[in-house]
Novice: 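A single structure is presented below for examination.
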Amino acid sequence: MTDVDVPESHPRYESLLTRHRIEAGVEKGITSKQGLIAQGRGEAYDYLLGERTIPTADAAARAAAAHLLRADHAVLSINGNVAALVPGEMVELAEATGADLEVNLFNRTEARMEAIADHLREHGAEDVKGLTADGRISGLDHERAKVDADGIGDADVVLVPLEDGDRAEALAEMGKTELVVDLNPLSRSAQTATVPIVDNIIRAIPNVTEHARDLEGDPEAQQQAIDEFDAEAALDAAERAIRGGDIE
Ligand code: PTJ
């Protein structure tokens with residue numbers, strides 16, 4: 001995907017680059033038009049957060065990395081926004097943690113499923129799940145419930161970035177350890193997550209990968225990252241940061 005020419009000196013360089021990626025995703029048949037709206041909402045929160053990774057989001061990224069490494073079966077869920085913004089980074093995270101990649105869409109169409117799977121393969125993915133769709137997330141209507149039985153259906157740990165609240169709740173009710181990336185600390189996805197990472201996915205995914213590389217082979221440090229992370233306190237800290245309070 002070509003990034004449009006934005007001068008790096010522009011004060012909103014990252015933000016403009018992100019917009020172009022989402023636009024290109026729509027043009028390529030990867031991202032839904034609703035994905036543009038979701039991106040706008042995310043951008044507003046990121047602006048209020050100061051477009052940086054706050055300390056509690058970094059702690060969340062570390063805890064998420066530990067959960068992925070300790071999982072029996074971890075799956076990284078990919079939707080149209082995630083595929084447009086961080087395709088190569090998701091492939092790298094899957095490789096660093098031994099997780100599977102699964103395309104899982106809110107507005108599911110076979111054409112978008114195929115386009116996203118192809119896009120991930122172009123970015124180095126070998127196996128992309130989600131196309132078999134022989135499993136279900138209980139409590140959701142037919143199209144939105146579809147998953148692979150040997151993918152998200154079987155996973156004990158799932159990373160669901162930019163997820164719709166209903167599906168985040170349903171996955172949590174299935175007893176899965178849910179890792180969420182969402183810039184809105186008040187969203188139901190962030191609120192129901194075992195680990196809410198309140199950060200832009202552009203910064204969050206490479207950060208989780210870096211923590212995974214650091215924690216690899218060190219079960220004690222992994223346990224510590226999980227034990228020390230307090231989801232409620234992290235959501236409170238993000239909300240305070242957005243309201244312009246101190247960041248601890
Ligand atoms: O590709 P599909 O069909 O699966 O659809 C994907 C979207 C994202 C359109 C769908 O899941 C949706 O409508 O999601 P929501 O309900 O808009 O929720 C998306 C959440 O992600 C919102 O809380 C946004 O603030 C947040 N968000 C948007 N962009 C980013 C983000 N969080 C982190 N990084 C971003 N770049």
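Counting convention: from 1, in listed order, for ligands and their atoms alike.
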Novice: Which ligand 1 atoms, with their elements, are less than 4.0 angstrom from a heavy-atom of Gly80?
Specialist: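 Those of ligand 1 that fall under 4.0 Å from Gly80 are 1 (O).
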Novice: Checking Asp199 against Thr53: is there a side-chain donor and acceptor pair closer than 3.5 Å?
Specialist: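 A donor-acceptor contact under 3.5 Å links the two side chains.
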Novice: Report yes or no: do His211 and Asp58 form a side-chain donor-acceptor pair below 3.5 Å?
Specialist: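 Result is yes, a qualifying pair exists.
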Novice: I'd like to know whether CD of Glu51 has more than 12 heavy-atom contacts from other residues, nucleotides or ligands below 6.0 angstrom.
Specialist: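 More than 12 heavy atoms, drawn from other residues, nucleotides or ligands, come within 6.0 Å of this atom.
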Novice: Working to the nearest 0.5 Å, report the span between CE of Met90 and OG of Ser77.
Specialist: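 Going from the CE atom of Met90 to the OG atom of Ser77 covers 7.5 Å.
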Novice: Report yes if some N/O of Ser32 lies less than 3.5 Å from some N/O of ligand 1; otherwise report no.
Specialist: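 No, since none of the N or O atoms of Ser32 sits under 3.5 Å from an N or O of ligand 1.
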Novice: On a heavy-atom basis, I'd like to know which of Asp182, Leu85, Asn184, Val181 is closest to atom 26 (C) of ligand 1.
Specialist: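 Among Asp182, Leu85, Asn184, Val181, the closest heavy atom to atom 26 (C) of ligand 1 belongs to Asp182.
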Novice: Who's the nearest protein heavy-atom neighbour of atom 6 (C) of ligand 1, and how far?
Specialist: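 Result: Asn79 ND2, 3.6 Å.
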Novice: Judging by distance only, is a nitrogen or oxygen of Leu105 under 3.5 angstrom from one on ligand 1?
Specialist: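 No, no N or O pair falls under 3.5 Å.
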Novice: State whether the shortest distance between N or O atoms of Arg41 and N or O atoms of ligand 1 falls below 3.5 angstrom.
Specialist: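 So ligand 1 has an N or O lying under 3.5 Å from an N or O of Arg41.
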Novice: Would you say atom 12 (C) of ligand 1 makes contact with the protein, given that contact here means a non-hydrogen protein atom less than 4.0 Å away?
Specialist: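 False for atom 12 (C) of ligand 1.
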Novice: Is any N or O atom of Arg167, backbone or side chain, closer than 3.5 Å to an N or O atom of ligand 1?
Specialist: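 Such a contact does not occur with ligand 1.
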Novice: Would you mind checking which non-hydrogen protein atom is closest to atom 4 (O) of ligand 1, with the distance to 0.1 Å?
Specialist: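 The protein heavy atom lying closest is Phe106 N, 2.7 Å.
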Novice: Can Asp199 be said to touch ligand 1, with heavy atoms closer than 4.0 Å?
Specialist: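 Per 4.0 Å heavy-atom rule, Asp199 contacts ligand 1.
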Novice: Do the side chains of Val180 and Ile202 join up, straight or via other hydrophobic residues, at under 4.5 Å, putting them in one cluster?
Specialist: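 No, Val180 and Ile202 fall in different hydrophobic clusters.
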Novice: Do ligand 1 and Gly35 have nitrogen or oxygen atoms that lie under 3.5 Å from each other?
Specialist: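 There is no such contact.
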Novice: For atom 1 (O) of ligand 1, tell me which residue out of Arg21, Gln39, Arg112 has the closest non-hydrogen atom.
Specialist: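 That would be Arg112.
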